[in-house]
Amino acid sequence: MSRSGQPPPPSEKSRLASAEAPERLFNRAFRELRPRSDAPEFAVRFRPFANVRSRIRYDHETGRVTAELSDLLVGAPPEVTRSLAVALIGKLYEVPVPARSREPFSRWVYSPATQRAMLRARRERGRKRLLPARGSTRNLQAAFRKINRLHFDGALAEPRLGWNPDPQGRQLGHWDPAHETIVINPALDSPEVPELALEFVLFHEMLHLKHPVELRRHGRCVHTAEFRKEERSFPRYREARRLLRSLQSPDGKLAASRKRQERPR
């Protein structure tokens, strides 16, 4: 203990030992999955990813396995990192991974604290590209305000709205809570597509503002029972669902206009 009453700063040796901990965890995970094989040398690096994504690769020249983990895992309990290590090594070597081995990482990912940290990382590190709300045929802001007035009593705060710059995307629309943005597929910005299609897709995305994601032990419930019940209250629900199915080709992409949206002049 130092004179100030505070513990002394960690020595270089203790810092190195701490830095080596992830490699040791990966080594243990390897021996769990492949107990009869010689463990390779592991190099583990933490990267400022916008989520908890991870990468692993084997270098045939050096025989080293390099794993890149999200820096959100810094400070996570050792069993969480080891659980992820087992999953990554299983994927790399095509070895089945027992469900119980994935449990600690899954529990950690879907905990409220981790979900908040992921949302913050996506907001601060990620980028959201989209085209202006005013399209060549339809205006998303006008459509949002109309639906908000008719179906939500004007209670929803207007988020950022825009068209997806990728017209080849499979999603008709999506709500991004990290950037508080609703993005709509530009194929719906076409005079050939009935306005009902856009209104129903936008209504669906607006429901996400009213019904947040529910965190459960092994995942996230995006469409809760309350969400689905209110979605079915849309006045022309069945007609809208049939319309959207008719717009999709067998490969799941929109069969309507796939041209890149032109910016309004």
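Predicted model, so just to flag it, every value in this text is computed and none were measured.
- Closest heavy-atom contact between Leu130 and Pro165: CA-CD, 3.6 Å.
- Through chains of ILVMFWY side-chain contacts below 4.5 Å, Val222 is grouped with Val213.
- No hydrogens or angles considered: nothing links the side chains of His174 and His204 as a donor-acceptor pair under 3.5 Å.
- Side chains of Arg138 and Leu198 form a contact here, defined as non-hydrogen atoms less than 4.5 Å apart.
- Of all heavy-atom pairs spanning Pro186 and Asp166, the tightest one is CD-O, 4.4 Å.
- Leu156 and Asn148 make their closest contact through O-ND2, 3.0 Å (heavy atoms, listed as atom of the first residue, atom of the second, distance).
- In this structure, Glu205 CD and Gln171 CD are separated by 8.0 Å, a value rounded to the nearest 0.5 Å.
- Counting only heavy atoms from C-beta outward, the side chains of Pro177 and Leu119 approach each other to under 4.5 Å.
- Atom CD of residue Glu195 and atom CG of residue Leu202 lie 10.5 Å apart, to the nearest 0.5 angstrom.
- For Phe30, the ring-ring contact (aromatic ring centres under 6.0 Å, His included) partners are Tyr93, not counting sequence neighbours.
- Using a 4.5 Å heavy-atom cutoff, the side chains of Val44 and Phe26 are in contact.
- Within the 4.5 Å cutoff, the side chain of Glu94 has no heavy atoms near those of the Lys91 side chain.
- At least one side-chain heavy atom of Phe144 sits under 4.5 Å from a side-chain heavy atom of Pro159.
- Distance alone, capped at 3.5 Å, places no donor-acceptor pair between the Ser70 side chain and the Leu73 backbone.
- Residues Glu32 and Arg82 are paired through a salt bridge, judged by an N-O separation under 4.0 Å between the basic side chain and the carboxylate.
- A side-chain hydrogen bond (donor to acceptor under 3.5 Å, both in side chains) with Glu68 is found for one member of Arg45, Arg53, Arg55 and no other, namely Arg55.
- For Val97 against Ser101, the heavy-atom pair with the smallest separation is CG1-CB, 4.0 Å.
- Residues Glu41 and Arg64 are paired through a salt bridge, judged by an N-O separation under 4.0 Å between the basic side chain and the carboxylate.
- The main-chain N or O of Gln141 is found under 3.5 Å from a side-chain atom of Asn139 such that the two form a donor-acceptor pair.
- Judged by distance alone, the side chain of Ser190 and the main-chain N or O of Ala187 form no donor-acceptor pair under 3.5 Å.
- Atom CZ in Arg47 sits 14.5 Å away from atom CG in Leu72 (nearest 0.5 Å).
- Phe203 is connected to Leu196 through a chain of hydrophobic side-chain contacts under 4.5 Å among Ile, Leu, Val, Met, Phe, Trp and Tyr, so both are in one cluster.
- Between Arg123 and Glu180, none of the side-chain N atoms (NZ, or NE/NH1/NH2) sits under 4.0 Å from a carboxylate O, so this pair counts as no salt bridge.
- Under the 4.5 Å side-chain criterion, counting only non-hydrogen atoms from C-beta, Glu239 is in contact with Arg242.
- Considering all non-hydrogen atoms of both residues, Ser83 and Pro104 come closest at OG-CD, 3.6 Å.
- Arg228 and Glu231 are joined by a salt bridge, as a carboxylate oxygen and a charged side-chain nitrogen come within less than 4.0 angstrom of each other.
- No donor-acceptor distance shorter than 3.5 angstrom exists from the side chain of Asn185 to the backbone of Gly173, with no hydrogens or angles considered.
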Exercise. Would Lys146 and Glu199 count as a salt bridge (charged side-chain N to carboxylate O under 4.0 Å, His left out) if you check the C-alpha gap in whole Å, the side-chain angles of each, and the deciding distance to 0.1 Å?
Worked result: CA-CA 9 Å; Lys146 174 184 175 182; Glu199 290 186 351; 2.7 Å; yes

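- Inspection of the Glu230 and His211 side chains reveals an N or O donor paired with an N or O acceptor under 3.5 Å.
- Side-chain N or O atoms of Trp163 include none that pairs as donor or acceptor with a backbone N or O of Asp189 at under 3.5 Å.
- In summary, Asp71 and Arg125 engage in a salt bridge, as defined by a charged side-chain N under 4.0 Å from a carboxylate O.
- Residues satisfying the side chain to side chain contact (heavy atoms under 4.5 Å, CB included) criterion with His179, sequence neighbours excluded, are Lys128, Asp176, Thr181.
- Shortest non-hydrogen contact noted between Pro40 and Asn27 is O-ND2, 4.5 Å.
- With contacts defined as side-chain heavy-atom distances shorter than 4.5 Å, the pair Leu244/Leu172 qualifies.
- Using a 4.5 Å heavy-atom cutoff, the side chains of Ile184 and Asn164 are not in contact.
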For this session: Please step through salt bridge (charged side-chain N to carboxylate O under 4.0 Å, His left out) for the pair Arg220 and Glu214, ending with a clear verdict.
Result: CA-CA 6 Å; Arg220 302 160 68 246; Glu214 284 188 3; over 6 Å; no

